[in-house]
Number of protein chains: 2
Amino acid sequence: MAGDEVYWPDELFADLDRTGPVPLYFQVSSRLQEAIRSGAIPGGARLDNEISISQRLGLSRPTVRRAIQEVVDKGLLVRRRGIGTQVVQGQVTRQVELTSLYEDLQSAHHEPGTTVLAHDTVPATAVVAEKLGVAKGSDVIYLRRQRRTDGVPVAVLENYLPPEFADITTGQLESHGLYQVLRARGVTIRVAQQKIGARRAQGDEGELLDIEKGGPVLTMERVAYDNSGRAIEYGHHCYRPDMYSFETTLVAK
Amino acid sequence: MAGDEVYWPDELFADLDRTGPVPLYFQVSSRLQEAIRSGAIPGGARLDNEISISQRLGLSRPTVRRAIQEVVDKGLLVRRRGIGTQVVQGQVTRQVELTSLYEDLQSAHHEPGTTVLAHDTVPATAVVAEKLGVAKGSDVIYLRRQRRTDGVPVAVLENYLPPEFADITTGQLESHGLYQVLRARGVTIRVAQQKIGARRAQGDEGELLDIEKGGPVLTMERVAYDNSGRAIEYGHHCYRPDMYSFETTLVAK
DNA sequence: AAGTGGTCTAGACCACATC
DNA sequence: ATGTGGTCTAGACCACTTA
């Protein structure tokens, strides 16, 4: 009765690579996630305890704990002291990643398209200057783009960037996402603060999104920071609500 | 030149409690966050390295690492191998926590109010049954509430719960948030999956939110799971966009 | 009493960035 | 060559849950 319904498919973890660059905890957590998402470990199942797992995998307990914790943080597992570790029931959705809309659409196997509506150097307003951490009135890059998927308009994107990105070309922006362009220049976005809301379509947004004038749009405002904590991008975007939404998984600490 | 602008206010960490129930890493990370949010450690500052910190605090390096990692995960710090740890520049906003709207409003020092519009036992539709993991057509609790802050309507909330919560009273719901009522019964929400979007106000929502008929509303759909991974609540809510928005901090892994 | 996850230690070696 | 964070080990003790 003690060991009822304890799942731990050892065979999934048989060939861990101890020499390559991929951390052991990452190899374990990846395969564990895959096993849960695929249903190989069913919802509600209890996992074996940490000590037993670490012995069977030939890993230390901290390493196994870290692997499990990664999966807990993604909302697929739940841990209780004195009880054990269980798989969350119900269908799982993928996490909101720190990627641009362009990559979101790409990974969803659609054909993204971009029209650059504006691409200028403008003086920073008070708001833009504060968000980017530059002097008010100093030069910043202003972008306005229409984003489509399979020919259907999805979003109108307005971005402000520091002046060092003045040499980004319109052509680059029409064939790649902004974050891809930045990454190709060695800039990695590490942290972003987002605010999601809704309002009526304003000005030419209705036309650009091909929706009724004054119809509802989903809005997102974002400030993104690079490796060193410097603000790299400030944007406020609006999305066609029938074409896009935001998904999140929250885990209580 | 080596030790330029390295911040680490030792005095903030002088009196750590090694006997109480609060983990050491938590004490350190809390005070570190407070120091950053208050500006005591300014944006862009470099932190001292982990070994040095652990020696000065009399803690092991893993404990210090864990404390720092907590702050990194909240988007306040950025770490780079071979470089060090730096404070993210720009104003910081607080994290979206796994709390109910009621508690959000409470903590913002406003006076929340609730009107229960419906409180019934109904047969589960196919969608509700799937989300809650119960049989289609079986009894579930249906709630519809209007939420106000300082007398102004903010949201219309529709929730479905498993039948074991049939004894929740309308009175409880009018003076507390749903999550507070659940917690008082020993149910702790641990994981939630949310989807945020926008649409036009439908039916009586315009009246209930005191906005124009057909005006935009912000929507949120959520499934919440307890300690053991069981689905406890399914809801779809709509919010007055001028009264509410969702803020998130994303950190790349 | 037995079993579980939660915390903490004191090291070790490595990969990466800078000088 | 040096300094940084990233990973990993092999234990220890504790708090909590269940029986």
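No hydrogens, no waters, no symmetry mates; every other heavy atom, side chains included, goes into these values. Each chain gets a letter, A, B and so on, in the order its sequence line appears, and its residues count up from 1.
- Rounded to a whole Å, the CG atom of Asp73(A) is 11 Å from the P atom of dG6(C).
- The phosphate of dT4(C) has neither OP1 nor OP2 within less than 4.0 Å of any side-chain N or O from Thr85(A).
- Evaluated for a side chain to side chain contact (heavy atoms under 4.5 Å, CB included) with Leu161(B), the options Val140(B), Val187(B), Leu132(B), Leu143(B) yield exactly one hit, Leu143(B).
- Using a 4.0 Å cut-off, no side-chain N or O of Arg79(B) falls inside it from OP1 or OP2 of dT4(D).
- Whole-Å rounding puts the Ile51(A) CD1 to dG3(C) P distance at 12 Å.
- A salt bridge links Asp15(A) with Arg31(A): at least one charged nitrogen is closer than 4.0 Å to a carboxylate oxygen.
- Taking 4.0 angstrom as the limit, Thr63(A) places a side-chain polar atom (N or O) nearer than this to OP1 or OP2 of dT9(D).
- For the segment residues 22-29 of chain B, the set of residues with a heavy atom within less than 4.0 Å of an atom of DNA chain C comprises Pro23(B), Leu24(B), Tyr25(B), in numerical order.
- Atom CD in Glu50(B) sits roughly 6 Å away from atom P in dG6(D) (whole-Å rounding).
- At whole-Å resolution of the value, CG in Asp17(B) and P in dC8(C) are 11 Å apart.
- Listed nucleotides: dG5(C), dT9(C), dA10(D). Nearest to the side chain of Pro62(A): dA10(D).
- OP1 or OP2 of dG3(C) has not a single side-chain nitrogen or oxygen of Asn49(A) nearer than 4.0 Å.
- Atom CD1 in Ile83(B) sits about 18 Å away from atom P in dT2(D), given to the nearest Å.
- Side-chain contact check for Gln86(B) and Arg80(B): at least one donor-acceptor pair (N or O, by modelled atom type) lies under 3.5 Å.
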Practice task
For side chain to side chain donor-acceptor pair (under 3.5 Å), just list the numbers for Arg190(A) and Asn227(A), CA-CA rounded to whole Å, side-chain angles, deciding distance to a tenth of an Å, and then say yes or no.
Solution key: CA-CA 6 Å; Arg190(A) 213 41 154 328; Asn227(A) 272 339; 2.9 Å; yes
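- Rounded to whole Å, the distance from CH2 on Trp8(B) to P on dT4(D) is 14 Å.
- Projected onto DNA chain C by closest heavy-atom contact, Gly82(A) and Arg18(B) fall at different nucleotides, the more 5' of which corresponds to Gly82(A).
- Using a 4.0 Å heavy-atom criterion, one finds that Arg61(B) contacts the bases of the nucleic acid, with or without backbone contacts as well.
- Side chains of Met220(A) and Phe246(A) form a contact here, defined as non-hydrogen atoms less than 4.5 Å apart.
- Counted by atom type alone, Arg79(A) and Gln69(A) present one or more donor-acceptor pairs between their side chains at under 3.5 Å.
- Judged by distance alone, with hydrogens and angles left aside, Arg80(B) brings no side-chain donor or acceptor close enough to the base of dG6(D) to form a pair under 3.5 Å.
- Closest-nucleotide positions on DNA chain D for Val64(A) and Arg81(A) were compared, and the one nearer the 5' end corresponds to Val64(A).
- When distances run from any side-chain atom of Arg65(B) to the nucleotides dT7(D), dT9(C), dG5(C), the shortest one goes to dT7(D).
- Remark: the Thr169(A) side chain and the Asp167(A) side chain contain no N/O donor-acceptor pair separated by less than 3.5 Å.
- Whole-Å rounding puts the Gln69(B) CD to dG6(D) C1' distance at 10 Å.
- Under 4.0 Å is where a charged nitrogen must lie from a carboxylate oxygen, and between Arg65(A) and Glu50(A) at least one such pair does.
- Remark: P of dG5(D) and CG of Leu77(B) are 11 Å apart, rounded to the nearest angstrom.
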